[in-house]
Amino acid sequence: MSYIEFQNVSRIYQNRWYALQNVSFSIGKGEFVFIIGPTGAGKTTLLSHIYFKEFPTSGRVSVLGYSSDTISRDEIPFLRRKIGVIFQDFKLLFDRNVLKNISIALEVTGESPRNARRKAIEVLDKLGMADKAEKMPNELSGGEGQKVAIARALVREPYILLADEPTGNIDPESSEEIFKILKRVNDRGTTVIVATHNYNFLEKVVRKRVISLKAGKIESDEKFYIK
Amino acid sequence: MRNFILNEALGAYKSAKGMAWVSTAVSFTLILIFGASLYLSLTIFGILQTERRNVEIDVYLKEDLPREMKERLYSTIQGLAGVKDIDIVTKEEALKIFKNRYPEYSDVVSVFQDIPFPESFVIHLKPTWKNPELMEHIVKEISVLPGVDEVYAGTGWIARLSKISAFFITVSIVLLIGLFLAISYVIYQTIRLIINSRRELIEILDLVGATKSTIEIPYLINGTLYGFVGGLFAAIVLKLSLVLVGTLLSYHLPDHWFIYPLLVLIGLVIGLIGSYLSFEEILP
Ligand SMILES: Nc1ncnc2c1ncn2[C@@H]1O[C@H](COP(=O)(O)OP(=O)(O)O)[C@@H](O)[C@H]1O
Ligand SMILES: [Mg+2]
């Protein structure tokens with residue numbers, strides 16, 4: 001069963017240029033997908049359609065049973081609870097500590113503060129960050145910041161993890177660690193989609209699929225699956 | 001979630017210190033002015049109601065009217081629209097009333113051979129006719145009747161009081177509209193600032209699947225609080241001022257209890273509307 005399906009998706013921003021043009025593909029459970037292409041190719045736009053932050057100008061996006069044609073405003077939060085997203089700039093909240101940054105994702109959807117806290121600690125522990133729980137985000141290194149963002153994305157045990165240039169702001173050593181984590185997440189069955197213009201990281205994942213974008217169009221879509 | 005909403009509402013209130021004070025102070029001041037104006041209108045209106053109930057028309061008869069003319073006059077007046085009943089005040093009764101009212105002058109009156117007071121009819125009107133225009137009309141009708149010397153009705157000052165009351169009611173309504181606009185605008189701006197300063201938080205909440213209401217309720221609570229607190233203080237200050245003025249004048253001022261909850265309610269509703277407008281405009 002496919003988790004994500006793009007059918008002839010085009011997206012035009014301000015009636016000027018195609019950020020996406022006639023894009024079609026389908027991504028299933030457990031895939032590790034790289035979306036590659038130069039800056040401005042449409043990678044971020046593509047990811048934004050998966051969690052319905054953007055909607056296609058034409059065509060249809062279907063994700064986990066929701067379709068861009070029929071999803072209502074009120075349903076979008078419920079889809080988002082099944083998708084984790086991380087960004088180049090982490091998007092942490094600087095007015096609260098690491099633990100709160102993670103537990104907030106559960107608290108705002110009805111989890112009790114105690115449960116939210118417990119689950120946040122569990123996730124931090126799995127990422128080897130338990131000792132940073134009480135730290136404030138500005139006390140963290142780049143790699144640690146991204147790990148907190150990953151923890152926040154994972155705390156809800158999503159079906160899909162989206163990463164937009166996840167290592168764009170961090171040193172190579174930490175980047176390596178981030179990719180190890182993403183692979184581990186993928187190994188446990190989560191579909192992982194990484195958008196990047198840094199092709200050096202492709203080799204870090206062996207079993208992968210690479211979708212290459214150029215000026216909003218799919219240039220190639222290759223699977224590197226070793227049985 | 002409840003925890004989050006309350007924490008966030010309080011946190012936003014704290015972080016908006018300056019603007020929160022301005023919002024609350026503006027709500028307080030304007031609601032207080034409105035409350036005072038409403039109090040005045042109601043009080044004047046109250047006096048007016050009581051006085052109108054007592055209003056009557058005095059018809060003084062010419063001297064030495066033949067009995068049958070008096071009777072004809074009586075039945076003519078009785079037949080006029082708006083007239084409920086008529087008391088006849090004889091010269092003797094008029095004298096008695098005068099002596100009762102002004103005992104210090106009773107000697108003066110006794111120097112007259114004749115009783116110096118004319119006979120009169122006191123006309124009581126039907127309740128719906130007790131307003132200045134209709135009374136004026138009746139007075140005119142009666143004063144041209146044969147045998148009538150003079151007609152007196154307290155319409156002049158009632159008309160004046162009516163005008164004052166109408167004026168204050170108008171002022172209250174204008175104030176209510178003005179304060180609705182002014183307060184909701186200030187609260188709207190405050191919540192806008194708060195929301196703008198919390199863009200990152202809102203973005204994250206949106207990202208992790210918080211519903212629209214979870215995101216918005218903290219700011220709704222905030223704006224409502226500004227109006228509510230303003231209204232509450234206005235109610236308290238109005239009540240205290242009335243007590244104080246009453247004590248100073250050693251006069252029991254009339255009270256209108258429903259004003260106080262009304263002021264609080266008005267603050268609350270305006271706060272709610274102001275904050276609702278701001279995130280309807282700002283949030284995606
Ligand atoms: N919100 C937006 N409004 C207008 N144009 C946009 C917006 N977001 C992206 N674009 C344009 O769409 C194209 C694709 O952008 P983006 O998806 O961010 O590419 P990438 O992530 O691959 O760098 C670019 O030309 C960019 O300028
Ligand atoms: Mg991008």
Side-chain angles (χ1 to χ4, degrees), chain A residues 47-48 50-55 64 66 72-87 89-96 100-117 119-120 137 148-149 151-162 164, chain B residues 1-21 23 190-226 272 275-284:
Chain A
L47 293 189
S48 304
I50 297 175
Y51 60 104
F52 292 122
K53 181 169 180 271
E54 297 290 347
F55 281 79
L64 299 172
Y66 293 97
S72 71
R73 261 198 78 125
D74 296 342
E75 287 173 319
I76 292 176
F78 296 94
L79 169 72
R80 298 218 175 133
R81 293 173 194 187
K82 297 175 176 165
I83 301 176
V85 191
I86 63 171
F87 302 91
D89 59 356
F90 320 150
K91 296 198 195 295
L92 299 179
L93 299 169
F94 284 83
D95 61 349
R96 58 202 84 199
K100 284 268 160 62
N101 261 278
I102 300 165
S103 62
I104 193 173
L106 293 170
E107 277 185 49
V108 294
T109 53
E111 196 95 38
S112 75
R114 246 180 86 217
N115 272 345
R117 195 186 148 83
K119 288 186 181 173
V148 174
R152 183 179 63 202
L154 293 181
V155 72
R156 196 182 277 297
E157 300 178 350
Y159 295 73
I160 301 168
L161 179 63
L162 306 177
D164 194 356
Chain B
M1 189 157 55
R2 215 175 53 227
N3 257 278
F4 163 79
I5 287 172
L6 287 180
N7 281 338
E8 195 48 41
L10 277 177
Y13 200 100
K14 276 188 219 147
S15 69
K17 269 174 240 132
M19 282 306 284
W21 274 112
S23 287
T190 307
I191 299 301
R192 248 170 71 112
L193 281 178
I194 294 178
I195 291 177
N196 274 324
S197 73
R198 310 231 140 198
R199 284 220 175 266
E200 282 112 10
L201 174 69
I202 291 170
E203 189 188 347
I204 296 302
L205 297 181
D206 196 36
L207 185 70
V208 299
T211 55
K212 191 167 177 275
S213 54
T214 305
I215 296 175
E216 290 174 350
I217 286 173
Y219 310 110
L220 209 60
I221 292 177
N222 254 284
T224 308
L225 213 56
Y226 301 145
L272 197 67
S275 37
Y276 182 78
L277 289 180
S278 62
F279 57 62
E280 275 309 294
E281 187 206 308
I282 299 178
L283 294 183

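Just so it is clear, the values below take in all heavy atoms, side chains as well, and ignore hydrogens, waters and symmetry mates. Numbered from 1 within each chain, the chains take letters A, B, ... in sequence-line order.
For A/D95, there are no salt bridge (charged side-chain N to carboxylate O under 4.0 Å, His left out) partners at least two apart in sequence or on another chain. Residues satisfying the side-chain contact (heavy atoms from CB on, under 4.5 Å) criterion with B/L272, sequence neighbours excluded, are B/L220, B/T224.
Enclosure of atom OH in A/Y66 by more than 12 non-hydrogen atoms of other residues, nucleotides or ligands within 6.0 angstrom is indicated. Within a 6.0 Å radius of CZ in A/R96, more than 12 heavy atoms belonging to other residues, nucleotides or ligands are found. Atom OH of A/Y51 sits in a crowded spot, with more than 12 heavy atoms from other residues, nucleotides or ligands closer than 6.0 Å. The local environment of CD in B/E200 is sparse, with at most 12 non-hydrogen atoms from other residues, nucleotides or ligands closer than 6.0 Å.
Looking at A/R80 and B/D206, their side chains come closer than 4.5 Å, going by heavy atoms from C-beta outward.
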| query | What's the verdict on side-chain contact (heavy atoms from CB on, under 4.5 Å) for A/D74 and B/K212, showing C-alpha distance, side-chain angles and the deciding distance? | reply | CA-CA 8 Å; A/D74 296 342; B/K212 191 167 177 275; 5.6 Å; no

| message | A/I104 vs B/L205, test: side-chain contact (heavy atoms from CB on, under 4.5 Å). Steps then yes/no. | response | CA-CA 8 Å; A/I104 193 173; B/L205 297 181; 3.8 Å; yes

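In this structure, the portion of A/F87 lying under 4.5 Å from any heavy atom of chain B is its side chain and not its backbone.
Taken to the nearest 0.5 Å, the CZ atom of B/F4 stands 13.0 Å off from the CG atom of A/L106. Here the straight-line distance linking atom CD of A/E107 with atom CD1 of B/I5 works out to 11.0 Å at 0.5 Å rounding.
B/I204 pairs with exactly one of A/N101, A/V108, A/L92, A/L93 by the side chain to side chain contact (heavy atoms under 4.5 Å, CB included) rule, that one being A/L93.
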